[in-house]
Structures are given as C-alpha cells and as structure tokens.
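Presented below is the structure to which this report refers.
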Amino acid sequence: MAPIKDESIKTKVKPIESYMTTKIEVNKGAWTIEEDRKLAEFIEIHGPKRWKTIAAKAGLNRCGKSCRLRWMNYLRPNIKRGNISDQEEDLILRLHKLLGNRWSLIAGRLPGRTDNEIKNYWNSHLSKKINQKEKQREVLTRKGSKTQKRRLIEKVELREENNKEDSEDSKISFNVDDFFDFSNENPFNLEWMSNFLEQDEANN
DNA sequence: AAAGAGTCCAACCGCGACCAG
DNA sequence: CCTGGTCGCGGTTGGACTCTT
C-alpha cells in the first residue's frame, strides 16, 4: 500500500526553473489523500494525457512526471493489489528470460500489474531466487567427478551448438518485438499467453 | 524493550525517443 | 536539419516497516 501521508506532515519542496524566469516550487515525496483525489477527479474528466497541464490545472503542486507515475502505479483503475501469484511469478520469470529488464513489456502481459511493481518484485524476490539456484548448480558441478564434469561440458557444448542453429532459424521466423506488439490487441486477451508458453516450451 | 540489520516498495532521477514548430 | 517540450522507461534511493539479536 502506498504510504499516504497525513496532510499535516510537511512535504519536501524542490525549486525548479521553469522556462519562464519565475521559480516554481513543487511538492516531492509521498502523495496525500487530497492530492490523489484532485488528480483522480481531473483525469476522470479530461483523461490521462498532457501531464504537465494536468499537474497545473488540477491544482497540484507537482511536476507532470510525478502525476503520471502516481496515476500509472496507484490511481489507475483495474490495478491489481496484493501478492504476485505463482502463475504470475512463473510468467515473469519466463518473460524476463526472453526480454531482459524490459519491465513495461513484461507488465503489459500481466493485467493489473505495473512495471514498477514487477521491477520491485524482481529485485527483491526473483533475482535472489535465481542467484540461489545458480549457486546450487555451481556446488553440484564442483562435487562431480572428472568424467561427470567432462560429460556435463559435452552436454552444454552440444546444447549451445543446437541453440546456435535454432537462433539462426528463429531470426527468420520469430521476432521478439513483433511478438510483443500489442497495438492491435485487447490487453486482457490472454490468447498470446498460450502462444508464448508454447514457444517457450519449444525452446527448452 | 531496544537497537541494529534487512526488506520492501513508492517515488525520484536521468536519459533517450518522439513529435511539432 | 535543429530545438524545445513532453512522455515513457529503467535504475536508484530513501524511508517505513519487520525481523533478529
């Protein structure tokens, strides 16, 4: 839950130079209930566009960026709160394997989740999990006999060789950016997921 | 009970992309 | 082309909260 401050707590203020000569001071730090209400009401009427104008016209002493972030990560409708399910976690892992740190793309495939949330979840949970797994693997490899090690290396080499061929093929048949182009798609349409999972299974 | 360490997450920052003039 | 304004993204920070000693 976002820390909604008591109005009485003094907000940090940062002076910025506007394009005019006057100095404008903007609030920084946690949002108050009153600020949330103003922002939500304004967006309900005018829509979430031109954030700088929103910040000014909604009577918020905030920069446009801050308004956008607050809307996207907290006030927007359909935001899912609470723990990430096992299914969602699995999906994040698979998508991260494919896309790397492209959080907004990953978030786009998890309805109701924000890029910030997924990024935080990755940094606090999943990156640790992966490190642990890698350490375990390392220990197992060290414990093995010389012949076991040799066999393992041969296996890895064979797999890399196959992957090379696969990736050369996939250059033609599979483009990640095309695959994740949702411009013509309902965000809650989950057909993509079964396609993606099929692709992922095939690669393993 | 208190203090220090660790964790989590909202919010900020800097940068690059895009677009209009 | 160039410039300035705006937006969106990923990395990082800071403070609140929880756990451990």
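Letters A, B, ... mirror the listed sequences (proteins, then strands); counts begin at 1. The figures that follow rest on heavy atoms only: side chains count, while hydrogens, waters and symmetry mates do not. In this text the structure is predicted, and so the values were computed from the model without any measurement.
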Legend entry - A:Arg81 CZ - B:dA10 C1' separation (whole Å): 10 Å
Legend entry - Residues that A:Glu41 engages under salt bridge (Lys or Arg N to Asp or Glu O under 4.0 Å), provided they are two or more places apart: A:Arg37
Inset, instruction - Starting at the 5' end of nucleotides 7-12 of chain C, put B wherever the base has a protein heavy atom under 4.0 Å, S where only the sugar-phosphate does, and a dash everywhere else. - result: SBSBBB
Inset, instruction - Measure the distance from NZ on A:Lys28 to P on C:dG14 and round it to the nearest whole Å. - result: 10 Å
Inset, instruction - With sequence neighbours excluded, give me every salt bridge (charged side-chain N to carboxylate O under 4.0 Å, His left out) pair touching residues 110-121 of chain A. - result: A:Glu88-A:Arg113, A:Arg113-A:Glu117
Inset, instruction - Report yes or no: is the cationic atom of A:Arg62 (NZ for Lys, CZ for Arg) under 6.0 Å from the centre of the six-membered ring of A:Trp31, at an angle within 45° of the ring normal? - result: yes
Legend entry - N/O (side chain, A:Arg62) to phosphate O (OP1/OP2, B:dA11) under 4.0 Å: no
Inset, instruction - Taking side-chain contact (heavy atoms from CB on, under 4.5 Å) as the test, write out the residues that go with A:Lys38, two or more places apart. - result: A:Glu34, A:Leu60
Legend entry - side-chain contact (heavy atoms from CB on, under 4.5 Å) partners for A:Ile79, two or more places apart: A:Arg76, A:Arg81, A:Thr114
Legend entry - Separation of B:dC8 P from A:Tyr74 OH (nearest whole Å): 20 Å
Inset, instruction - Could you list the residues that satisfy side chain to side chain donor-acceptor pair (under 3.5 Å) with A:Asn101, not counting sequence neighbours? - result: A:His96
